[in-house]
Asks: 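Encoded as structure tokens, here's the structure I'll be asking about.
Order of listing sets the numbers, starting from 1, for every ligand and every atom in it.
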Amino acid sequence: MSHEFDYDLVIIGAGVGGHGAALHAVSCGLKTAIIEAADMGGTCVNRGCIPSKALLAASGRVRELRDAHHLKSLGIQIGNVEFDRQAIANHANNLVAKIQGDLTNSLKRLGVDIIKGWGKIAGTQKVTVTGDGSEKTITAKDIILCPGSVPFVPPGIEVDGKTVFTSDQGVKLETLPDWVAIIGSGYIGLEFSDIYSALGCEITLIEALDQLMPGFDRDIAKLAERVLITPRDIETKVGIYAKKVIPGSPVVIELADFKTKEVVDVIEVDACLVATGRIPATKNLGLESVGVELDRRNFIPVDDRMAVLSAGEVVPHLWAIGDANGKMMLAHAASAQGIVAVENIVGRDRKIDYRSIPAAAFTHPEVSYVGLTETGAKELGQAEGFEIATSRSYFKGNSKALAENEADGIAKVIYRKDTGEVLGVHIFGLHASDLIHEASAAVANRQTVQTLAHLVHAHPTLSEVLDEAYKRAIV
Ligand SMILES: Cc1cc2nc3c(=O)[nH]c(=O)nc-3n(C[C@H](O)[C@H](O)[C@H](O)COP(=O)(O)OP(=O)(O)OC[C@H]3O[C@@H](n4cnc5c(N)ncnc54)[C@H](O)[C@@H]3O)c2cc1C
Ligand SMILES: NC(=O)c1ccc[n+]([C@@H]2O[C@H](COP(=O)([O-])OP(=O)(O)OC[C@H]3O[C@@H](n4cnc5c(N)ncnc54)[C@H](O)[C@@H]3O)[C@@H](O)[C@H]2O)c1
């Protein structure tokens, strides 16, 4: 370690990105400190992945046990299934506390200094920390910024945290409104409609763009809508945005046509979840002291080595990872970026490979993907002069899915026609979030459908869905 500085590495923000970077830094022998102004573990642990997955696990079980038709098809009959909202909420809260403790202890055990307070860049290789009425200055050879993101609330929407709220409050499951409007059909909108509909709430799902789940591959989104939305107590308003939302009892929502901006309806509901994306938490970070300007959406500009850029040039010894750079707002992407930043800090040139980072929505059943959508692959093909092809396989042809009597699902593989290289894989169906990792490894290694079609999968497993899709690509 250098004796010129207090630390080799100082990380601002102890979310999953900062945590991942810190663990890797220690394994590379760097003397490391992490600064956190609020909750250790950041969004994912306290208000994101962890509590939402706990709620999805419990509500998913309720849905399953109340599906008399499905159970009967397996020869099972059970009586009334009851649940306790507060006990489900406690399950999520307890899990948050456990994982927050584990994460904090893992840093302590490895000798990472945890500094509580607001971190701010105060010039090259210098950070100030403000907290408890005092300010101190720390020097570090390298600095990683990982301040994360916060919910975006569109203008016209008033959040009171009780009747109109974001996921920050939603994950606490403090109420189960009879009728809840969910604004936005992205990840949060989808996962919360899964939770609320399983627990008996009536839902109005409002999406500004002209299709639901606009971020997902079209074929997958269409089938997901048929299974996750249509048969459930979910009314959809598509091409419509919430122009005004007034909290209270009832919550009043003015709905307008997204294109003409004209008000088309006013609804009164018991509660409203605003799930309209997230914005970077990049204010007051002192970036101006090193001449860095945020981009037009307030993200920190970075290259693929996670170096911060100023007017397109690398700013030495300054790195930014996680939601704050806006490249891929996912927990595992944040920690993967942290590892890449640390590798570059210790002189091992490394770039992030976004194409091979998988994503999943933990609905019942799940949606997952890795790489490009069909539209994205076509655009790339046009730019680079190649054609693409697709192959599909269906869960209804899979013995394991049939044994479970849960055969709604599809796997779609998108690949280059000339070389066979896999460009994207999309799955909707039972355990899709686990199945995607085989495809993620294939994309990371730029493998072809010809190679993948010869891998052997155990029988009978859901993994054979992908096996089948690869084999269909080469016939
Ligand atoms: C409801 C919900 C569910 C989600 N589910 C998933 C999921 O299932 N899978 C998935 O991959 N992703 C999921 N995400 C996204 C995931 O939570 C984020 O991508 C991830 O948390 C980003 O990590 P980060 O480290 O960049 O930032 P954050 O987790 O936001 O952490 C940033 C930390 O920095 C601190 N901080 C900020 N500024 C300063 C400062 N100046 N000084 C000191 N500290 C500071 C903050 O207090 C915060 O603790 C979900 C998000 C939400 C909202
Ligand atoms: N399972 C997961 O990995 C997971 C789960 C939850 C959240 N997340 C992360 O959290 C981030 C935020 O999630 P999110 O669902 O809020 O964002 P999102 O970007 O996934 O979806 C937001 C949706 O809201 C719509 N929208 C925006 N403004 C609107 C308006 N005024 N009226 C109606 N619709 C409107 C958008 O068109 C979009 O479809 C995502 O980037 C995601 O990466 C991930």
Asks: Pairs of nitrogen or oxygen atoms closer than 3.5 Å, one from I183 and one from ligand 2: do any exist?
Replies: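 It does not: no N or O of I183 is found under 3.5 Å from an N or O of ligand 2.
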
Asks: Cation-pi between K141 and F5: NZ/CZ under 6.0 Å from ring centre and within 45° of the ring axis?
Replies: no

Asks: Taking the minimum heavy-atom distance to atom 29 (C) of ligand 2, which of T276, L330, I253 ranks first?
Replies: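 It is T276 that holds the nearest heavy atom.
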
Asks: Are the aromatic ring centres of Y369 and F428 under 6.0 angstrom apart?
Replies: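 Y369 vs F428: aromatic centres not under 6.0 Å.
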
Asks: Could you tell me whether K327 atom NZ has more than 12 heavy atoms of other residues or ligands within 6.0 Å of it?
Replies: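 At most 12 heavy atoms, drawn from other residues, nucleotides or ligands, come within 6.0 Å of this atom.
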
Asks: Have a look at M213, M329, E207 and point out the one with the heavy atom closest to atom 42 (C) of ligand 2.
Replies: M329

Asks: How close does the nearest protein non-hydrogen atom get to atom 11 (C) of ligand 2, and which residue and atom is it?
Replies: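 Looking only at protein heavy atoms, the one closest to atom 11 (C) of ligand 2 is R278 CD, 3.7 Å.
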
Asks: Is any side-chain heavy atom of L309 less than 4.5 Å from a side-chain heavy atom of V302?
Replies: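 No. Closest side-chain heavy atoms not under 4.5 Å.
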
Asks: Taking NZ, NE, NH1 and NH2 as the nitrogens, is one of them in D257 or K261 under 4.0 Å from a carboxylate oxygen of the other?
Replies: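 Between K261 and D257 there is no salt bridge, as every charged N stays at least 4.0 Å from the carboxylate O atoms.
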
Asks: For ligand 2 and I188, I'd like to know whether there is a polar contact (N/O to N/O, distance under 3.5 Å).
Replies: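 I188 vs ligand 2: N/O contact under 3.5 Å present.
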
Asks: Under 4.0 angstrom from ligand 2, any heavy atom of A242?
Replies: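 It does, in that a heavy atom of A242 comes within the 4.0 Å cut-off of ligand 2.
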
Asks: Return the residue, atom name and 0.1 Å-rounded distance of the protein heavy atom closest to atom 19 (O) of ligand 2.
Replies: G277 CA, 4.1 Å

Asks: Within a distance under 4.0 Å of any heavy atom of G184, pick out the atoms of ligand 2 and give their elements.
Replies: 23 (C), 24 (O), 25 (C), 34 (N)

Asks: Which bit of A208 gets closer than 4.0 Å to ligand 2, counting heavy atoms only: side chain, backbone, both or neither?
Replies: both

Asks: Going by atom types only, do K172 and N93 share a side-chain donor-acceptor pair under 3.5 Å?
Replies: no

Asks: For atom 1 (N) of ligand 2, state which one of A361, S433, C49, A360 supplies the nearest heavy atom.
Replies: A360

Asks: Mind checking whether P151 contacts ligand 2 via backbone (N, CA, C, O), side chain (CB onward), both or neither, at a 4.0 Å heavy-atom cut-off?
Replies: neither

Asks: Among D270, T204, D233, exactly one meets side-chain hydrogen bond (donor to acceptor under 3.5 Å, both in side chains) together with W179. Which residue is that?
Replies: T204

Asks: N/O to N/O below 3.5 Å, does that happen between Y241 and ligand 2?
Replies: no

Asks: Look at atom 21 (O) of ligand 2 and find which of G186, G215, S167 reaches it with the closest heavy atom.
Replies: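 Considering heavy atoms of G186, G215, S167, the nearest to atom 21 (O) of ligand 2 sits in G186.
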
Asks: Around atom 40 (C) of ligand 2, find the nearest protein heavy atom and jot down its residue, atom name and distance.
Replies: Y187 CD1, 4.2 Å

